[in-house]
Amino acid sequence: MSAFWFYVFTLVFFLFDYFILAMGLNIQYGETGILNFAYIGFVALGAYVTGASSLPASAGTGQQYIMGWGLPFPLNLLLGGVAASLLAVFVALIAMRRLRTDYLAVVLISFSLVFYDITNNYVPLFNGADGLYNVPEPLAGIFKLTTNSFVPFFAIVTGLIALIMWWAMSRITKSPLGRTFRAIRDDEGVAAALGKGVFRYQLTSMLIGSFYAGIGGGLLVQFGGSFNTTSWLPAETFVVFAVIIVGGVGNNVGLLVGALLVETLLIHLPAFLPDIPGHPGLIEYIDTIVVGVLLWVMLWFRPQGVVPERIRKTPLALLQGLKSDRSTNEEVPAMSISDGAGVNEEGGVRD
Amino acid sequence: MTSGQNEAANTGSGAASALSCQEIKKSFQGVAAVTGATFDVPRGMITALIGPNGAGKTTVVNILSGMMKSDSGAMQIGATDVTNWESYKIARLGLMRTFQLSRELGGLTVLENLLVAPKHQAGESLLNIFLRPRLAKREELENTKRALEVLRTYGLYDLRDNRASELSGGQKKLLEIARAVMAQPQVLLLDEPMAGVNPALIERIGGYILDLKKQGVTVLMVEHNLNVVEKICDHVIVLAEGRTLATGRLSELRANPEVVQAYLGEVINASTTR
Ligand SMILES: Nc1ncnc2c1ncn2[C@@H]1O[C@H](COP(=O)(O)OP(=O)(O)OP(=O)(O)O)[C@@H](O)[C@H]1O
Ligand SMILES: [Mg+2]
């Protein structure tokens, strides 16, 4: 396979992977209003757990890690998703019960920094700063894949997984659960006054979104074969935020567009460009600036994103089943106060 | 000053009232907003909560609906003590409220605002969405039908697919009541449901409230317009400087010099100078 197609399929992989990551952050932030600034931490846990559970007990490379169960695909991947969800429940229980959104955001940032330091420095967990490497390529043995054919193969597998997860996410966002999430996003107090146990729903949203984060992370380590602390600098969270803000918060199609524009075209495509002579790494830095500027421009001129959240209209079938589609005032009762003297036109004493 | 409270005795107490509170107190950073609210809201009636601006009416509504914790005092819904309960639990007991400054769910459509209201929806559980999709769907269908009926009644049917943030002030007031009604409340707290709306709409809203009473809903409404209070309210609670000054029928209160001095006099003068 030519180098060209190798690159194309690498981009395709990142497109689908970041689509999954964007769906996870979107349910938390876009639908429920939780500013999860620790999102990349959940991605990382998914990657580490997927990697460590698929590596054999001893890889013979001097790596140290927990688990080492040699789990096959997709069990290792699912385990990564579940681990991230469990971490979300833990974090939510200690941090979310009583904190307002803005404070919670700060707590989550510091949480992600602490988690970063622990994985970076505590070697027995996930091999410290060196991280995991030589992680087995899923299904490569069964399909007799070479290093070259693995890339397109796994890009397509990731596409299928993204499709299933997109289907599941649409079910959730279209359901009454998704509607209650959006009610909480719009006004937590009103949702509570309508009998919604806000914390329980925030917990559910964190759990769902973090599962997506964990799966997206697991796919990263399975695609690249390695994962360490340079792969998830806490600022990476903002790349995922950029994906959903550029694409369109609260719209699953928008997220795919955002993943294409930000992750694929801005972050990964330039990485394949040749270095500017004498300035190694300059392109990467410029890249970060471009993403930042794009984020400003979008928030300034088109805060709803390229594909805005759509209005969920009343199902037509339902309207046809009802009486004539015309509202009338004839059944509106009246209390007839106008005969009384001195009706205050402003509706009484008002401040 | 306490003489007015004794008159509350004839409305009964305990489970005979749908909602009651005793000696509710609340201050904000040392500034007392509520200094002793004690009253019973008789079941199946429309009760007005009146008093000058800043008397603490909204604060009392916030406390009764669990959205604010009182510093001291007790409150009951029916026979259940709900002191210090969280608002969502109070709501599940059947108490709904509206807000003085409308708080619509702006990103949701008018119809969706109503659909949020029904309690314990099957489709609100992650497991049901995937394991019992038919149950969730059937329930959603029934709720949507009912919501459309409610919207029709409240004259919001044509606006059903508009974002709630796009409604006018008066429409938002209607939406708040419709949303609360959608939850099928036993007790409904309305914080100035007619403030800032035109006289025709005042009439309509008054009619809706009378209708709710016919359906057996207990209503407690904060209201400044005494014509409205006279027409539709069976019972009146006067709050002044954070405490219950008097309770009774409006005609009785008009004969109470304390009440006249604290509130009614002010209003009567205001409306006669027009
Ligand atoms: N969240 C708050 N923080 C600080 N002070 C408050 C708060 N809410 C109310 N207050 C104060 O408590 C007092 C009572 O306010 P409240 O809103 O309950 O009055 P009200 O009777 O509803 O008045 P209005 O008729 O103008 O609506 C006021 O002095 C107000 O400034
Ligand atoms: Mg008020």
Side-chain angles (χ1 to χ4, degrees), chain A residues 168 171-172 174-180 182-187 189-201 204 207-208 250 309 311-315 317-319 321-323 325-329 331-338 340-351, chain B residues 53 65 67 86-88 91-92 97 103 105-109 111-112 115-117 119 121 123-126 129-130 136 140-141 144-145 148 152-153 155 157-158 160-161 163 183 194-197 199 202-204 206-208 210-211 223-228 230-232 267 270-272 274:
Chain A
R171 286 291 284 267
I172 295 170
K174 275 184 200 145
S175 72
L177 178 66
R179 184 171 56 219
T180 300
R182 283 178 286 123
I184 290 168
R185 173 197 67 188
D186 283 359
D187 193 328
V190 168
L194 289 169
K196 310 298 168 190
V198 170
F199 175 67
R200 213 200 83 192
Y201 288 106
T204 309
L207 193 135
I208 299 168
E309 181 172 13
I311 288 194
R312 291 162 169 85
K313 291 225 152 96
T314 315
L318 244 176
L319 294 178
L322 290 173
K323 289 185 275 178
D325 188 1
R326 189 178 304 144
S327 72
T328 56
N329 279 357
E331 46 193 313
V332 173
M335 62 175 179
S336 68
I337 54 161
S338 46
V343 174
N344 189 331
E345 309 241 318
E346 273 95 39
V349 177
R350 282 268 302 142
D351 44 344
Chain B
N53 291 123
S65 59
M67 298 191 76
E86 282 184 76
S87 60
Y88 75 93
R92 284 179 188 173
R97 67 163 296 177
R103 281 170 73 172
L105 300 166
L108 273 59
T109 66
L111 176 66
E112 284 179 310
L115 287 174
V116 171
K119 289 167 236 166
Q121 300 177 38
E124 281 179 309
S125 137
L126 186 59
I129 294 172
F130 292 103
E140 177 77 352
L141 194 76
T144 309
K145 278 185 188 160
L148 288 170
R152 198 187 292 276
T153 307
Y157 185 79
D158 291 341
R160 61 187 178 273
D161 289 337
R163 269 191 222 284
M194 301 171 187
V197 304
I202 290 182
E203 300 252 332
R204 262 173 65 197
Y208 295 138
L210 284 172
D211 258 14
E223 187 51 63
H224 284 295
N225 185 334
L226 291 184
N227 291 310
V228 172
E230 178 125 59
K231 285 284 174 195
I232 69 172
V267 175
S271 51
T272 47
R274 247 168 219 276

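Given the structure is predicted, the values throughout are model-derived calculations rather than measurements.
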Contact origin within [X] toward chain A - heavy atom pairs under 4.5 Å:
X: B/Thr109; answer: side chain
X: B/Glu112; answer: both
X: B/Leu111; answer: side chain
X: B/Ala117; answer: both

Mind listing the closest non-hydrogen atom pair of [X] and [Y] along with its distance?
X: B/Ala91; Y: A/Ala192; value: CB-O, 4.0 Å
X: B/Met67; Y: A/Ala193; value: SD-CB, 4.1 Å
X: B/Ile129; Y: A/Ser175; value: CD1-OG, 3.1 Å
X: B/Gln121; Y: A/Pro176; value: OE1-CB, 3.5 Å
X: B/Glu124; Y: A/Thr180; value: OE2-OG1, 2.6 Å

Query raised in the report: Do the non-hydrogen side-chain atoms of B/Leu108 and A/Arg179 ever get within less than 4.5 Å of each other?
Result: yes

Query - Test item: B/Val116 and A/Arg182 side chains (from C-beta on) under 4.5 Å apart, heavy atoms - result: no

Query raised in the report: A/Lys196, A/Arg200, A/Lys174, A/Arg171: which one forms the most heavy-atom pairs within less than 4.5 Å of chain B?
Result: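 With the most close heavy-atom pairs to chain B, the winner is A/Lys196.
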
Requested in this report: Sort out for me which of A/Ile172, A/Leu207, A/Thr204 touches chain B most, counting heavy-atom pairs under 4.5 Å.
Outcome: A/Ile172

Query raised in the report: Quick check: are there more than 12 heavy atoms from other residues, nucleotides or ligands sitting under 6.0 Å from NZ of A/Lys313?
Result: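 Counting neighbours around NZ of A/Lys313, 12 or fewer heavy atoms of other residues, nucleotides or ligands fall under 6.0 Å, so no.
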
**Report entry** Winner by heavy-atom pair count (cut-off under 4.5 Å) against chain A, out of B/Glu230, B/Glu140, B/Arg92, B/Arg103
**Finding:**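 Result: the option with the highest number of such pairs is B/Arg103.
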
Query - Sidechain-backbone polar pair: B/Asp161 side chain, A/Thr314 backbone, donor-acceptor under 3.5 Å - result: yes

